[in-house]
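A short write-up of the structure that comes next.
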Amino acid sequence: MKKDLVAAQHRVAMARLAVQTSNWIQVDPWESEQTQWMETVKVLRHHHSELLRALPRTEGPDHGTPASRAPAAVPEVKFLCGADILKSFQTPNLWKDSDIEEIVKKFGMVCVSRTGYDPEGYISSSPILQRYQHNIHLAREPVQNDISATYIRQALRQGQSVKYLLPDSVIAYIRDHNLYLRDTSWTGNRSMPRNEGKMSWGGPATSPLSPS
C-alpha cells in the first residue's frame, strides 16, 4: 500500500462524497472493512458473487423444484484501472500469473490510457494478456489528462490548490480532518501559507483550504 494514503474510513468517506450526486455510481466499503489486505482477484470474486446473489429467482415448475437464477441480463464485473496496472503485471513477484489470468479471463478489464504508458505493448508482451486481449477494453481519452491521485496529494502537501480537481465537499472533508497536510496541527481557522510557485497543470498558487 502507498505510504501516503490515509486510513480506509477516510478514503471511503471521500469517495462517497465525490459520487453523492451520481445516480449510477456507488461506493462499496467491503474491501476496506476486511482485517487483512485483499488481493484484487478476491475483491472481484466477492462483488461478482454478490451480484449473482441479488439476481431474481425464477419459479420452478412445481413446489418440489427449487427456484433458479434468471438467466437473462446477468451482470458482469470488470476491473477498471489505469494503464499503469497493465505495466505492473510485468513486475516480478507482484502479481500471480493465476490471478492475472482469472482477472482477464473471467472478469475482464477496462483500462484508461495514461501519458507515458503503452497498453498495447504491455498486452503484446504478455502471453496471458495476448490470449484474452478480447476481454481487455482500452478507453482512450479525447483530451489527455495527466492528473492523478498522487499529484493531488502532493499538491495538498505543498499548500497548492486542488480547486476544480476535487468536489468542494471532498476538499472540505480534507480540511476538516487535516488530511494530506504537512502541518497536521492546522485547524481550519487560519490560512495555509501561500505558495509562490504554480503547479504544472495550471492550478492557482493559493491553497484551496484557505477561507475565501
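- The aromatic rings of W95 and F79 are tilted relative to each other, their planes meeting at an angle between 30° and 60°.
- In this structure, A155 and V162 approach most closely via the heavy-atom pair CB-CG1, 4.1 Å.
- Looking at E102 and R45, a side-chain N of the basic residue comes within less than 4.0 Å of a carboxylate O on the acidic one, giving a salt bridge.
- Looking at D99, its side chain never comes within 3.5 Å of a backbone N or O of V41 through a donor-acceptor pair.
- K78 NZ: more than 12 foreign heavy atoms inside a 6.0 Å radius.
- The two residues K163 and I171 come nearest to each other via the heavy atoms CA-CD1, 4.0 Å.
- Every residue was checked against the salt bridge (charged side-chain N to carboxylate O under 4.0 Å, His left out) condition with K96, not counting sequence neighbours, and none meets it.
- When every heavy atom of S148 is checked against every heavy atom of R114, the shortest pair comes out as CB-NH2, 4.3 Å.
- Ring-plane geometry between Y173 and H177 is classed as parallel, the angle between the planes falling under 30 degrees on a 0 to 90 degree scale with a further cut at 60.
- In this structure Q133 satisfies the side-chain hydrogen bond (donor to acceptor under 3.5 Å, both in side chains) test with no other residue, sequence neighbours excluded.
- The local environment of CD in E141 is crowded, with over 12 non-hydrogen atoms from other residues, nucleotides or ligands closer than 6.0 Å.
- In plain terms, the two heavy atoms of V6 and R11 that are nearest each other are O-NE, 2.9 Å.
- Residues V12 and W37 do not share a hydrophobic cluster, clusters being chains of Ile/Leu/Val/Met/Phe/Trp/Tyr side chains in contact below 4.5 Å.
- Under the salt bridge (charged side-chain N to carboxylate O under 4.0 Å, His left out) criterion, R16 pairs with no residue at all, not counting sequence neighbours.
- With 3.5 Å as the limit, one finds no donor-acceptor pair spanning the side chains of Q90 and Y122.
- Every side-chain contact (heavy atoms from CB on, under 4.5 Å) that A83 has, sequence neighbours left out, goes to Y117, P119.
- Here the closest non-hydrogen pair linking V170 and M14 is CG2-O, 3.6 Å.
- For E76, the CD atom sits in a loose shell: 12 or fewer heavy atoms of surrounding residues, nucleotides or ligands are nearer than 6.0 Å.
- Scanning for side-chain hydrogen bond (donor to acceptor under 3.5 Å, both in side chains) contacts around Q34 gives an empty result, with sequence neighbours left out.
- Remark: the backbone N or O of P29 is paired with a side-chain donor or acceptor of S32 at under 3.5 angstrom.
- Considering only residues two or more places apart in sequence or on other chains, K42 meets the side-chain hydrogen bond (donor to acceptor under 3.5 Å, both in side chains) condition with E39.
- For I128 against D97, the heavy-atom pair with the smallest separation is CD1-O, 3.7 Å.
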